[in-house]
Structure formats: C-alpha cells, structure tokens
Protein chains: 2
Amino acid sequence: MVNNKFLVIYGDLAEKIQSGRFPAYSLLPSEHELAARYGVSRETIRKALNMLAQDGYIQKVRGKGSIVLDVARFNFPVSGLVSFKELAERSGKKWKTIVYELILQKPDHLMKNLLQITGNEDVWKVVRSRELDGERIILDIDFIKRSRVPTLTKEICENSLYEYFENDLGLVISFAKKEITVEEVTAADRAYLDLKGTDHVVVVKNFVHLDDATLIQYTESRHRLDKFRFVDFARRQKSVNGLLAGVRSGK
Amino acid sequence: MVNNKFLVIYGDLAEKIQSGRFPAYSLLPSEHELAARYGVSRETIRKALNMLAQDGYIQKVRGKGSIVLDVARFNFPVSGLVSFKELAERSGKKWKTIVYELILQKPDHLMKNLLQITGNEDVWKVVRSRELDGERIILDIDFIKRSRVPTLTKEICENSLYEYFENDLGLVISFAKKEITVEEVTAADRAYLDLKGTDHVVVVKNFVHLDDATLIQYTESRHRLDKFRFVDFARRQKSVNGLLAGVRSGK
DNA sequence: CAGTGGTCTAGACCACGGC
DNA sequence: CCGTGGTCTAGACCACTGG
C-alpha cells in the first residue's frame, strides 16, 4: 500500500498521460482544479506535477498551465538506475545470464581505492555475460563489499543482484555515479562476448550506493557497440552555473 | 539579482560543500537548525536540500540527517544540457569551432518528421567540427527551425548557438531528449574529424525544446571514440515502476 | 482583468534512528 | 524517549499569460 498522496497522484496522472486520456500538447487541469478534484492541498499537487516535469511527462509554463509532452515520441527514457533483469523483462525479449566467475578475494590496491576500503575486508568478484536473443552482448564485472553481502550464490547471480540486495538482504539501493566511455576490447571481452569483429566496447562504470550513502558495489558493464543505447531526458540548469561560478575559479 | 531564497540557500550550501566547509561524510545541520539560521521556513530549506540531493551533493536519511557526499570523488557530473562552449571553457583547454556548412533548406521527409514540421517551413542546416587541443574530435550537425531563428551567421555558429538563442533571441532552452548510440563512421566523419583510424563514432542525438515545450532544434553530435565521456548521477526509482505496472502490461 | 503557476509561511502529524 | 526528515495543509503574495 502506498500512503503518499503525491505519489498516488503522480502515478494516476502519469497513467492518464501514457494512455492518452490527457493527450500530448494539451493542458492539464490547473493546480487549483486538481487540488479540488483529488481533495488535497495545492502544494501536494505541485509535488506530483514537479515529479512529472522532472521525468519528462509535462512542461510547466507560468501563467499558462502544464503542457502534456509527447511521451510516445520520447520513446520512454530509461536512464536512472535499473537492473539488467528489469530492463530485459521490460523489453519482452528472451534473456539469460551466464556466470563465469564467482569468488571471494582480497582487493588489490586499485580496488581498495575504488571501493573505499580501509581495513582488511574481502570483496566478491562476479563475472557474468548477459544474453539477449541468443547473443552475449554485455559483460558485467562486479565487485561487492563482503561486509554488506555475506553470502552470494551462482543462482543469485544468474537472476538479479539488485533483487537479492533489496528483497532478501533488506538493503536499499539509492544512487550511483555512472561514467560512460569507449575502450578497446580485452581478452575477457573476446572470451565472454559475441563480439562480431568489433575491436571496441562501450564501458559503463557504476559506483552504487545504499540509502545511508555507503558504497556497496563497483560494476563495470561492457556493451557490444551495436547493442548499446542510452536514452535520457535532460533539463537545462538555469542560474545554478552562475551561482557556482565563484567556486570553480576561486580558492 | 536572484530573489528566490531557496536558490540562494542551494548555492550557499553547494559552495560550502565543494569548498570543504561541510566535509564529506559529515552531517549537515538539521532542517530546523538551517531554517533558523537562514531565517526562513523549513519548507524552503527542504526545497534547497532536495535540489542538493538531486544533484548529488547530499544524501538525506530519515531520522538521521543529511549526509554530505564526496563531491570531489564524484568528479563533477556533467550530464544535463550544456553547450560545447560551456563545457570546453570549464575544462580550461584551447577550443575552436570550424563551420563547414551553413545553409537554409527545405527539410526532407525524415527531417520534417524529426522536427515535427507540418507546413512549408525552412530549416537551417549547420555542420561544424569542434577542435580541442588541436584535434577535431566532435562533428555537430544541427537542424534548426527557421520560424524560431530567422537569421544565423557563420560568426554565431563559431561561438555558441545556445548563447545566441538565449541572450540575443530571448529564447529559453528548457529540456531535451537525448539518445546515445555508436555508429559506423560516415563520409562526413572522415572528412571533418581527425579520426585516427577508428571506424566507429559515438552519436548523441538531441531533441532540444524551449520552455513553451516547442521543438526548436535537432542535433547530431558525433564524437571520436577515445574522447567521449559521459558522467551521470542517477537515483533509483522507488515504487514508480510498481505504480506504472498496469500501463505496460494492460491496455 | 482573471487565471495560471512560483514562492513562502507556520504549523501539524507521522515514521524512523539512535540513545 | 527526543530529534531527525517526510508529508500535508490553508493560506498568502507575486509574476506572468491571455483576452
């Protein structure tokens, strides 16, 4: 059960936009109107509307109203923090995960630095390839702090680490810093991916944090070039850059 | 002059975090404390804090407080909607833009579709390469609606289109949908980029909209593989996927 | 001018963390 | 238990759009 009114309203409006009950380029009812309709205060409506704007459903225009954006045309932005299993199932295609390596090891210097380990903590290393429609197109190399994840099995790695973290261990994955670059293929790429002759892969480096801000996992996702796609909805910062100008130049 | 209290507070706190006056992994003063200190209501503080959380400066933990994140380690996320000029100048390197083509043309069928043109409107086509440290590493191909941008010169294209749109034409760029993929190089890439032998480029397709939600520009940015880097700060969606489950499966 | 969204307030109650 | 952040309210004033 969801208790938060603004989340319910967000979901309701998002559904109505996606289903076309609020057509693209039309105006949403005004905030006052929505507040009356849902029986909540205007600030609660505004919270839901701001989330919709953030996620690319609407564009708010002062003095005018909230314009419904063409979600279909936007082709469903899938950035954010989503597991391969969630993505694959959303696509409706056949998927499989193959586990090549699952070991507990002492982190080397580089890995201690990346995972911010100071003591003698061990680290899980997991190497998996992701198969979609019969082709191994992604190679995932995970390093996970043992202090947060005491046990790990092949079965878990074949299903979904995030699902295990969240549902079984009660961990709450909260945010990640990700970096996308392109690198030359390694021996591991050649061994565990169906490369089709290309000599580069897209590399997504992911630092995953829990809701208490601690780092739990570093992941390197290596994608075959022709199968990589990243879609994002970006808003332009207004005066923030100006506000921070002194920080970059000064001190 | 910025009148918004929450923006001033956001900027002030962001500066204090970046300069280390609020050290990483420490707790910010509580919301009540900050409200008293800045002489504003708690909701105003919360607005600023939520923006800081969104941008990766802090992590809010219920019952505990707001944890300052390690911004230096996060290496300054530069996603969002930023012009090449803004990015280049931030990096401190020598940059130059070379204009190869600047023409007004009738859009073909594909372009009319991409730019959502229904009538007989003409479209600016601009082809430019971006040079950083003496190498042409990005090829930008822009298509711009003439109805929004009546005049365009080589000088403007050599400087910054966004700057011209915003400062001279009074347009407000608001959001974009972007898509990142990898494609094989074209003849134009070979002609206008210093490719160094690679046969693929990273392609960033950008649909840029104004604050009234109208589309103004479609841009294809083609990056040399070894110079492409995209950094993002992503938060995990909570129950939103659950709320929308019915949309994807049913009706 | 009326209607819209943007900002801000002072207060309330709740859920959670840690002592 | 107290202090934290999370949600919500009813109202206020402002800035902007449009007729």
Side-chain angles (χ1 to χ4, degrees), chain A residues 1-11 13 22 26-54 57-69 170-172 174-175 210-214 235 238-240, chain B residues 1-11 13 22 25-54 57-69 170-172 174-175 210-214 235 238-240 243:
Chain A
M1 283 307 95
V2 181
N3 261 334
N4 311 52
K5 298 188 185 179
F6 76 92
L7 262 186
V8 174
I9 295 170
Y10 170 92
L13 292 175
F22 286 137
S26 68
L27 285 176
L28 240 46
S30 78
E31 298 183 346
H32 275 106
E33 167 70 19
L34 287 172
R37 227 185 261 189
Y38 283 102
V40 299
S41 79
R42 192 176 145 224
E43 283 291 351
T44 301
I45 293 293
R46 285 180 54 73
K47 211 162 175 178
L49 291 189
N50 284 330
M51 280 182 62
L52 289 169
Q54 190 84 37
Y57 284 98
I58 62 172
Q59 172 72 2
K60 309 188 79 178
V61 184
R62 195 213 214 66
K64 211 170 169 191
S66 295
I67 303 171
V68 177
L69 298 183
L171 302 172
V172 180
S174 180
F175 63 92
L210 299 177
D211 62 344
D212 63 356
T214 57
R235 287 193 174 271
K238 293 192 181 163
S239 43
V240 177
Chain B
M1 281 309 96
V2 181
N3 261 334
N4 310 52
K5 298 187 185 179
F6 76 93
L7 262 187
V8 173
I9 295 169
Y10 170 91
L13 293 175
F22 286 136
Y25 309 113
S26 69
L27 284 177
L28 239 47
S30 79
E31 298 183 348
H32 275 106
E33 167 70 19
L34 287 171
R37 227 185 260 189
Y38 283 101
V40 300
S41 78
R42 192 177 146 224
E43 282 291 350
T44 301
I45 293 294
R46 285 179 53 72
K47 212 162 175 178
L49 292 189
N50 283 332
M51 281 182 61
L52 290 169
Q54 191 82 38
Y57 285 97
I58 61 172
Q59 172 72 3
K60 310 187 78 177
V61 184
R62 196 211 212 78
K64 207 170 170 190
S66 295
I67 303 171
V68 178
L69 297 183
L171 302 172
V172 179
S174 180
F175 63 92
L210 299 176
D211 62 344
D212 64 355
T214 58
R235 287 195 173 270
K238 290 190 185 168
S239 42
V240 177
L243 285 170

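Chain letters run A, B, ... following the sequence lines, proteins first and then strands; every chain starts at 1. Note that this is a predicted model, so its numbers are computed, not measured.
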Between the side chains of A:Ser174 and B:Gln59, does any donor sit under 3.5 Å from an acceptor? yes

From D:dG5, C:dC8, D:dC8, pick the nucleotide closest to the side chain of B:Lys60? D:dG5

Under the rule for side chain to side chain donor-acceptor pair (under 3.5 Å), what residues qualify as partners of A:Glu43, not counting sequence neighbours? none

Does A:Thr44 put a side-chain nitrogen or oxygen below 4.0 Å from OP1 or OP2 of D:dT9? yes

Using salt bridge (charged side-chain N to carboxylate O under 4.0 Å, His left out), reason through B:Arg42 and B:Glu33 one step at a time and then give a plain yes or no. CA-CA 9 Å; B:Arg42 192 177 146 224; B:Glu33 167 70 19; over 6 Å; no

Any B:Lys5 side-chain N or O less than 4.0 Å from OP1/OP2 of C:dT9: yes

Provide, to the nearest angstrom, the distance between the CD atom belonging to B:Gln54 and the P atom belonging to D:dG6. 13 Å

Residues that B:Thr44 engages under side chain to side chain contact (heavy atoms under 4.5 Å, CB included), provided they are two or more places apart: B:Lys5, B:Phe6, B:Ile9, B:Val40, B:Ser41

Between B:Leu49 and B:Leu13, what is the shortest heavy-atom contact and its length? CD2-CD1, 3.9 Å

With the side chain defined as heavy atoms from C-beta on, B:Lys64 is closest, among D:dG6, D:dT9, C:dG18, to C:dG18

Of the candidate nucleotides D:dT9, C:dT7, C:dG6, which contains the atom at the shortest distance from the side chain of B:Asn4? C:dT7

Determine: side-chain N/O of B:Ser30 to OP1/OP2 of D:dT4, distance under 4.0 Å, yes or no. yes

Contact nearer the 5' end of DNA chain D, comparing A:Ser41 with B:Ser66: B:Ser66

Here the distance between atom C1' of D:dC8 and atom OH of A:Tyr38, to the nearest Å, is 17 Å

From CE of B:Met51 over to P of C:dG6, roughly how many Å is that when rounded to an integer? 14 Å

Atom CG of A:Leu27 and atom P of D:dT17: how far apart are they, to the nearest Å? 14 Å

Nearest to side-chain heavy atoms of B:Arg46, which nucleotide of C:dG5, C:dT7, D:dG6: D:dG6

Between B:Ile45 and B:Arg42, who's closer to the 5' end of DNA chain C by nearest nucleotide? B:Ile45

Using atom NZ of B:Lys47 as one end and atom P of D:dG6 as the other, report the distance to the nearest whole Å. 16 Å

Rounded to whole angstroms, how far apart are CD on A:Glu43 and P on D:dA12? 15 Å

Whole-Å distance, B:Glu31 CD to C:dC16 P, equals 17 Å

I need the CG-P distance between A:Asn50 and D:dG6, as an integer number of Å. 16 Å

